[in-house]
Each structure stands twice: as C-alpha cells, then as structure tokens.
Amino acid sequence: MIKNLLNNRFALYSVLLHIALGVFSASSTTVLFAFFFGVLAIEIPTILPGQKGLNVRLNYLLVYMSSFEILSRMARTSPIIPYEMSKYILCALFFYGIFSQYNKGYIGLILLAFIIPAAFYDQTGSVTTDERIFNIMGPVDLALGVIYFKGQIINRTQLFNLIKLALLPTISVLAFAFVRTPDYDTIDFSLSANFDTSGGFGSNQVSTILGLGLLLSFMLWITKSSLSGNKILDIIVMMGFVLQGLLTFSRGGMIGGALGILTFLFLISLSGVTQNTKNSISLPKITIYLIPILVLGLFVFQFVDSITGNNLSLRYKGETAGTIAGSKELDINTFTTNRYQIFLGDVELWRENFLLGVGAGASKELRPTTEEVPTAAHVELSRLLAEHGLFGLFFFLTILVFPFLIISQNKDSLNKAILIAFFIIGLYTSFHAAMRTYVTPLFISMSLLTIRETPHKKKTKPYLDSAPLLDSQ
C-alpha cells in the first residue's frame, strides 16, 4: 500500500485518494476505520523481523500512520481509533525499531532518564492515569524517537518519501475541514479561534497540521519533487493549506508553517550554493519561484481578510473583543491568548518545586494563575519546568543541542535545511500546542536522521534502497 503511494505513476491518484478520504470521513467514520486498519493490516507483515530494508519500511509506516492523528480526532473515531493514537503508535514502533536493530541514539536515553521520574509522584493526589499518559507520552515518544532515529542513515529519496507520507494525511485534514466549513456568509468571524472552519474540532490542533502541510508541500514544490505530478494541483493544495489555515483564526499553525519555510530558505541562502551540481537548488530560481508564491499568499490573506470583515488582520495583530471595546489592554497575555499567564503560573510552580516539580499532569490543578478554571499547559517548556522540575529544564536544554548535531551529521546544504526546518516547526509547535499532537515528538526526533547519497545500483528499489537525487516526475 505505502509502496504504491510512493510510486510516481500513481502520484496523482495518491493525492486524489487522500482528498476523497477526507471528504468521506467528514460524513462517515466507516471509511476512515476501513482505510486506517486496512493499511495497518497490509503493512505490518512488511516490517516483521528478517524483512529487507526493515528500518526504511518502519520509518514509512510510523510517519504515515501517526500523521492520521488529527483526522481521526476530527472524525471523532475514539475509542476505536484512540484519541492519543499517534502517541501509542510512535511508542510501539519506536520500541520495535530500537530492539530490532543497532541504534546509536544514546542521547535519547538521557532524555528518557530526565522524563520518567515525574510519572511516579503527584502532589495533588488526583491525577488520573489518562492525564498522566496525556502529559508524559509526548516527551517519552520524543526520547524514544531520538534513540531510534539518531545515527540512522538514509538517502535523500527516502527523506523525500518521508515528507510525502507525512503530507498525504494532512491533505485529508484539509479536505475534511473544507467540506465541513459552512458558507462564509453564515459564519460569525469573531476575534477568536473558529471551530466552524476547523471541521468542528480544536482549531489550534487543526491549524497546526495545516501549517505543517504548508511547509511540507512548499518543500516538495521548491525542490521540484512534485507531490501529484501536476504543478497546478500542487499549488492549489499549497494555497488550500494557507486559505483554510487562515480561516481557522488560530495563528499558531500558520506562523509555524511560515517559520519553517523561512528557516528552510534562510539556510539555503546562507549556503551560497550555485548551480554547478545536481545536488543543488538554484538560488536564482528560488527567488523566481518564491516571489509569485509570496504574491499569491498575500492575495489569499487579503481575500480571507475581506470575507471576515477585516477580522483576520485584527486577529493576527492580537486584538480581541475586549481590546476593541476598550475593556482590556492589548498586552503579551492577550496577544498569546492567556498562554503567557499560564507560563508564569508554571514558572511559579517550578520556583516552589525546583528540583522534582509537582509530577506529571499535576500542574493544571496547582498552577496559581489558573485556580478558578484549571487549564492544561499550552507551552511544553513551562510544563516541563512545573511538572519535572530541574530535570525538565535539562530535557529542554538537551533538545536545543540538536541543531548542532544536525549540522555535524550532514554535509549537504539542502539536507541540513530540511532537517533543521523539521526541528524548528516541531519546537515551535511545542510553544503553542505543547505536545498535544504528533508534530513535536516526531519531527524533532526525525530531524536527527543522517542523510547520505549512495551510488545508484542496478535493480535496486527506490522504495527501499538508494535512488537518484529526487524521484523523477
């Protein structure tokens, strides 16, 4: 199944299949159940011990299946497809991968040692098992992912295959949200996140995935590694992510996608690469391609702003109904939708419990700035400090070393730009959505892959082994 999704001859059908999956999932969960478990049933036998290219097959499966997390939440498939499905899938497949092959990701063991202690104490005495799993599984998956991915060598074709497999389910999310969006004239576009345009599910999480889709589709487009084989359709999909992402009025996801793109382009421009080798991207061509896309993106923003009565631009300025009415002051707390207040509360908890923190999942009840309405953390850094104490700080500081590891492990400028963009969007997502989605643990850990080009051999399979620079389209 996954092999066919990566076959260039079926590229257009793969995109249309995932559009159809999103459309049909918006009206019936049966289709999503059948597709999700059908893929698992087909692919699990391909990762049994002794299979050729086991790590590559496993990489493809864990990236593709975990990327269905938000679509399943939007379709409300829990408990058949659990709400925390991606955390379980990543945990299980990372463990399987770690014990089925030699790994060099020892730094992940350090991360795991920092995270585990907080699972065994709770200052409130009321944290449930589900709440503990909800808070601790994200960092645990990240640590396991580091153990699994660090030191693993793949080639660039396989890297771009991972990008495509992560992107396809986000197209289903886009289609689902688009189909569920009512006529624009009937939507009340206020200065807050909009559930009507996010498929009736949490706009912050949906926006996160749409922003990720924007970044991944841009990477494929700018490197001429076509998603569908049709340039116009590729641009329509990319602009679709922008349009629907802006309509959610949840800024985090769109800013994350834009930040990833800017990081990617900035690193490529710093490399000073010219057009003398096949491994290079033409910097002049980047400019030629980028300007029309920026113009088109601005046009989409202006279009959305106009249909929302200019509320979109006010939203991105941080305005709220209260600040417009004059009853509230526009400050960092209103701009961050109370995340700053939650952050300060977590820091206060950390100050009072400096060494060990209050325990996984306990900060919601103990945070001094949210006593009346217990609120889960939205910033993973502050949650780590409050719930894991000094160990949480060490966990975060260790993660900040990763860009240096990426640069030291990879020589090619394009490879480094892609992997650091993965790291940036994963890290940034943790600052507005904590680790509520698979984006942070998967993309931060996946950024530690080592990309090497190996000579193309006869009778090798691009799906598993070395292949030309990019898939021919």
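Counting begins at 1 with the first residue of the sequence. Bear in mind the structure is a predicted one, so any value in this text is a computation, not a measurement.
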Side chains of Leu267 and Lys416 in contact at under 4.5 Å (non-hydrogen atoms): no
More than 12 heavy atoms of other residues, nucleotides or ligands under 6.0 Å from CZ of Phe95: yes or no? no
If you look at every heavy atom in Arg132 and Ala360, which pair is closest and at what distance? CG-CB, 4.2 Å
Looking only at non-hydrogen atoms, find the nearest pair between Leu312 and Leu246 and report the distance. CD1-O, 3.5 Å
Taking C-beta and beyond as the side chain, do Ile171 and Leu227 meet within less than 4.5 Å on heavy atoms? yes
Which heavy-atom pair separates Met219 from Thr223 by the least distance, and what is that distance? O-OG1, 2.6 Å
Between Pro169 and Ala166, which heavy-atom pair has the shortest distance, and what is it? CD-O, 3.7 Å
Evaluation steps, salt bridge (charged side-chain N to carboxylate O under 4.0 Å, His left out), between Glu380 and Arg436: CA-CA 9 Å; Glu380 187 65 14; Arg436 284 172 171 76; over 6 Å; no
What are the two closest non-hydrogen atoms of Val179 and Ala26, and how far apart are they? CG1-CB, 4.1 Å
Would Thr334 and Asp331 count as having a side-chain donor-acceptor pair, cut-off 3.5 Å? yes
Examine distances only and state if a side-chain atom of Asn204 and a backbone atom of Gly252 form a donor-acceptor pair shorter than 3.5 Å. no
How far does CD1 of Ile133 sit from CD of Glu84, to the nearest 0.5 angstrom? 8.5 Å
So, does Arg383 use its side chain to make a donor-acceptor pair with the main chain of Asn135 at under 3.5 Å? yes
Within the structure provided, determine whether Thr320 and Thr323 are in side-chain contact (heavy-atom separation under 4.5 Å). yes
Glu348 side-chain N/O to Arg367 backbone N/O, donor-acceptor pair under 3.5 Å: no
Just to verify, which of Leu144, Leu142, Leu442, Val140 counts as forming a side chain to side chain contact (heavy atoms under 4.5 Å, CB included) with Leu90? Leu442
Passing option when Phe443 is tested against Phe422, Phe423, Phe149, Tyr428 for ring-ring contact (aromatic ring centres under 6.0 Å, His included): Phe422
Ser172 side chain to Ile19 backbone, donor-acceptor under 3.5 Å: no
Do Phe394 and Ile110 have side chains that approach each other closer than 4.5 Å (heavy atoms only, starting at C-beta)? no
Rounded to the nearest 0.5 Å, how far apart are CG of Leu247 and CE of Met254? 10.0 Å
Chi angles and distances behind the side-chain hydrogen bond (donor to acceptor under 3.5 Å, both in side chains) call for Glu69, Ser86: CA-CA 6 Å; Glu69 177 184 66; Ser86 74; 2.3 Å; yes
Student check: side-chain heavy atoms of Leu385 and Leu393 closer than 4.5 Å: yes
Lys150 side, atom NZ; Ile107 side, atom CD1 - distance, nearest 0.5 Å: 7.5 Å
Classify the ring geometry between Phe303 and Phe299 as parallel (under 30°), tilted (30 to 60°) or perpendicular (over 60°). parallel
Under 3.5 Å, is there a donor on one side chain and an acceptor on the other for Ser203 and Asn194? no
Can you tell me if Ser207 uses its side chain to pair, donor with acceptor, with the backbone of Gly253 under 3.5 Å? yes
Students often mix this up, so state it plainly: with edges at 30° and 60°, are the rings of Trp350 and Phe354 parallel, tilted or perpendicular? parallel
Around atom CG of Leu400, are there more than 12 heavy atoms of other residues, nucleotides or ligands at under 6.0 Å? yes
Taking all non-hydrogen atoms of both residues, which atom of Asn311 and which atom of Leu191 are closest, and how far apart? O-CD2, 3.4 Å
Just verifying a value: how many Å separate Phe68 CZ and Ile89 CD1, rounded to the nearest 0.5 Å? 10.0 Å
Can you check whether Phe176 reaches Leu32 side chain to side chain, under 4.5 Å on heavy atoms? no
Could you check whether any side-chain heavy atom of Ile115 comes within less than 4.5 Å of a side-chain heavy atom of Ile136, counting everything from C-beta outward? yes
Kindly check if the number of other-residue, nucleotide or ligand heavy atoms within 6.0 Å of CZ (Phe431) is above 12? yes
For the residue pair Phe94 and Tyr148, categorise the inter-ring angle as parallel (less than 30°), tilted (30 to 60°) or perpendicular (more than 60°). tilted
Counting only heavy atoms not in Phe391, do more than 12 sit closer than 6.0 Å to its CZ atom? no
Hey, what do you get for CG (Asn338) to CG (Asn333), rounding to the nearest 0.5 Å? 4.5 Å
Below 30° counts as parallel, above 60° as perpendicular, anything between as tilted: where do the rings of Tyr184 and Phe189 land? tilted
Are a donor atom and an acceptor atom from the side chains of Thr124 and Ser126 found within less than 3.5 Å of each other? yes
Would you say Arg251 and Thr337 are linked by a side-chain donor-acceptor pair, where the criterion is simply a distance under 3.5 Å? yes
Evaluate the side-chain proximity of Phe37 to Ile80: yes if any heavy-atom separation is below 4.5 Å, no if none is. yes
Rounded distance [0.5 Å steps], CD1 in Ile324 versus CG in Leu314: 5.0 Å
Side chain to side chain contact (heavy atoms under 4.5 Å, CB included), paired with Leu93, selected from Leu62, Val63, Ile98, Asn59: Leu62
Looking at Phe134, does the NZ or CZ of Lys87 lie under 6.0 angstrom from its six-membered ring centre and within 45 degrees of the ring axis? yes
Examine distances only and state if a side-chain atom of Arg180 and a backbone atom of Gly200 form a donor-acceptor pair shorter than 3.5 Å. no
Is there a donor in the side chain of Thr437 and an acceptor in the side chain of Gln205, or the other way round, less than 3.5 Å apart? no
